[in-house]
Structures are given as C-alpha cells and as structure tokens.
Amino acid sequence: MPYEPPTHRVERSLRATTGAKVVAGVDEVGRGAWAGPVTVCAAVTGLRRPPEGLTDSKLLTPRRREHLAHELGGWVTAHSLGHSSPEEIDAWGMTAALRMAAVRALEGLPLRPDAVILDGKHDYLGRPWRVRTVIKGDQTCVAVAAASVLAKVRRDAMMAELGESHADFAFADNAGYPSPVHRAALEEFGPTPYHRLSWAYMDGLRRWQHLKKIRTDPVEQIGLF
DNA sequence: AACAATCCAAGAACGAAGTT
DNA sequence: AACTTCGTTCTTGGATTGTT
C-alpha cells in the first residue's frame, strides 16, 4: 500500500461549504482498554505543511510518535485534551463517556471551533457541534492525525504514571490493554481502582474468583479466563 | 414488530517472520 | 541488532440484515 500523507482537504472543504473559520480535528484513545481513562484530543491546525511523517498514531512506533508529538506541540495552532474516568465509563457507557471527554477537550481550546472533524463513521458528539465524520480520518486529515498522536502519547504517559503504584500490571507496557501480564496480575490481585468494572472481562474474573473459593484443582481453572 | 446475529468502525498489544 | 510488517488477540457499540 503506497503511503499517502494526510492533507488539509477536509478542513478546506468544511471552510468552503459551511463558512467555518476554526476547524478542530478530534480523535480518541483508550477505547478498548480494560483500565485507565478514555482520552480525546482536539487539535486546531493552520494550513502550513505538517511535520514530516505525520499520520495515524497506530502506524507509528513509540519513538517516532513521541518525537512527532514534540514537534506537533509547536506546529498546531491549539490543542486540548479531555478524559473520562473508569468510573464514568462504568456509569454512562462508552459512547457517553467518549462524548464527555470530547466536550471537555473542545471546551478546553482557547477558542470554540465552528466545526469538528470526527474520526470514524459514528457521530458520538452530536448537537450543538457541527460535526463531519471521516472514516480513517486519522490517516487522511492532518488535524485528526495530529490529535491522534497527541492523545496517544499523553495517555501512554498517564498510564505509565499509574503503573508506578501497580507495578504488577505493567501499565507502562500495555497501556491498560489486555496482555498476558495484565491478565495474570488481574487474576492474582483483582482489579485496581483504575479498572473498568462494568466490562465483560469482569464476568470471567468473578467466575474465576468464585471457583477459586470452592475448588482448588488448578487443572479445572484453565480456560476460564 | 421485535429480537438476534453479523458486519464494520473505532481503540490497542504482542510475537513471529521478514527486511534493512 | 534493530526496525517493519503481518496475523492474531481483545474490547464497545451503531447500523444493517435475517429470523421468528
């Protein structure tokens, strides 16, 4: 697949068709994780050429991502981060939590955007925001790509910090996502205050903890998690 | 008409294999 | 030795298609 760098096309189109003067690109990270917040970044960019190599954060190695995030800090016109906590995700569900995090990010900008470019096909933001959804927007729109890198680097750093007090879970490596080390720690110690308790994996955990009480044969426990 | 299953989109880690 | 790519694994949830 040939590498196509992201462009200002959607931003320009939004300015032309809606008269928007300030356009923000929005992207989220931490959606499928078992622990930690869901984080959203809103980024407003000018029309200058973006830093070399800018694209979807998922396509970048950690080193390049961090280097790029540093450059982006000076390149974007403005950017702002918003979070929703695990408690909020449990209470409201992912879509509402995502919306809250996005609103926090957008309202943290020094000026209110006239239009928003959302990554994906679903508009989880809705009124009163003027939203344009773009599938694979983090690979095609500079503002969304910038937001994806800034959000990812920030959340990874936050998870590394949380990990210091819960070393067995290795949050610095897995960012709260299910990994063998993470699973093993969960089985042994149970969830931390940073875990999303409403999620499906908890069924397995409760079942496992229940069985642990009534039977100790380790062979019987295999495959329950 | 109501419910269930599937598809697609988003988020990501990780290990193996291939490439520089 | 250090990167890159690929395939597999996990999650939620909206939209669509299929079945009763």
Side-chain angles (χ1 to χ4, degrees), chain A residues 1-3 6 25-42 53 55-69 81-102 105 116-126 131-141 144-145 147-160 162-163 168-187 191 194-208 223-225:
Chain A
M1 199 191 307
Y3 170 69
V26 167
D27 194 39
E28 88 252 22
V29 287
R31 170 185 284 215
W34 281 359
V38 63
T39 296
V40 171
C41 179
T55 185
D56 175 7
S57 68
K58 291 190 291 295
L59 303 178
L60 299 165
T61 59
R63 271 181 60 189
R64 284 207 282 163
R65 213 189 284 138
E66 271 166 49
H67 181 73
L68 207 47
L81 289 136
H83 312 275
S84 278
S85 68
E87 291 92 335
E88 290 170 333
I89 296 167
D90 286 337
W92 304 335
M94 181 47 73
T95 304
L98 218 41
R99 177 169 201 276
M100 193 69 236
V116 175
I117 305 172
L118 254 195
D119 186 39
K121 70 172 179 181
H122 176 58
D123 175 10
Y124 58 81
L125 200 50
V131 175
R132 163 123 7 139
T133 56
V134 178
I135 292 170
K136 295 219 191 308
D138 46 10
Q139 289 173 41
T140 56
C141 309
V144 182
S148 82
V149 173
L150 290 165
K152 172 72 177 157
V153 169
R154 186 73 197 93
R155 185 174 182 280
D156 280 354
M158 285 173 66
M159 290 311 291
L162 295 189
D168 297 301
F169 290 82
F171 287 151
D173 299 323
N174 58 51
Y177 278 78
S179 69
V181 173
H182 188 170
R183 282 163 201 273
L186 210 43
E187 283 186 32
Y194 309 117
H195 278 91
R196 304 170 186 179
L197 302 182
S198 63
W199 284 39
Y201 77 90
M202 284 298 295
D203 292 339
L205 187 63
R206 288 193 197 99
R207 207 156 56 227
W208 186 87
L224 282 172
F225 211 78

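Every chain is numbered from 1 and lettered A, B, ... according to where its sequence line falls, protein lines coming before strand lines.
- Atom CH2 of A:Trp92 and atom CG of A:Leu98 lie 12.0 Å apart (nearest 0.5 Å).
- Checking A:Thr61 against A:Trp92, the closest nucleotide of DNA chain C that is more toward the 5' end is the one next to A:Thr61.
- The interatomic distance linking A:Arg64 (CZ) with C:dT5 (C1') rounds to 12 Å, in whole Å.
- Following rounding to the nearest Å, A:Arg31 (CZ) and C:dG13 (C1') show an atom-to-atom distance of 7 Å.
- Position along DNA chain B of the nearest nucleotide to A:Ser179 versus A:Glu28 favours A:Glu28 as the more 5'-ward residue.
- Here the range on DNA chain B touched by chain A, meaning any atom under 4.0 Å from one of its heavy atoms, is B:dA9 to B:dC14.
- The distance from atom CZ of A:Arg65 to atom C1' of C:dC3 is 15 Å, rounded to the nearest whole Å.
- At least one side-chain heavy atom of A:His195 sits under 4.5 Å from a side-chain heavy atom of A:Leu186.
- Taking 4.5 Å as the limit, some side-chain heavy atom of A:Leu197 sits within range of a side-chain heavy atom of A:Pro191.
- Nucleic acid contact class of A:Gly93 (heavy atoms, under 4.0 Å, all strands): sugar-phosphate only.
- Distance OG1/A:Thr39 to CG/A:Leu150: 12.0 Å, rounded to 0.5 Å.
- Side chains of A:Asp173 and A:Val181 form no contact here, defined as non-hydrogen atoms less than 4.5 Å apart.
- Protein atom NE2 of A:His195 is 14 Å distant from nucleotide atom P of C:dT12, rounded to whole Å.
- Residues A:Val29 and A:Lys121 both approach DNA chain B. Their nearest nucleotides, taken by heavy-atom distance, put A:Lys121 toward the 5′ side.
- For the residue pair A:Ser179 / A:Asn174, a side-chain donor-acceptor distance below 3.5 Å is found, with atom types taken as modelled.
- In this structure, A:Arg155 reaches neither bases nor backbone, as no heavy-atom distance under 4.0 Å exists between it and the strands shown.
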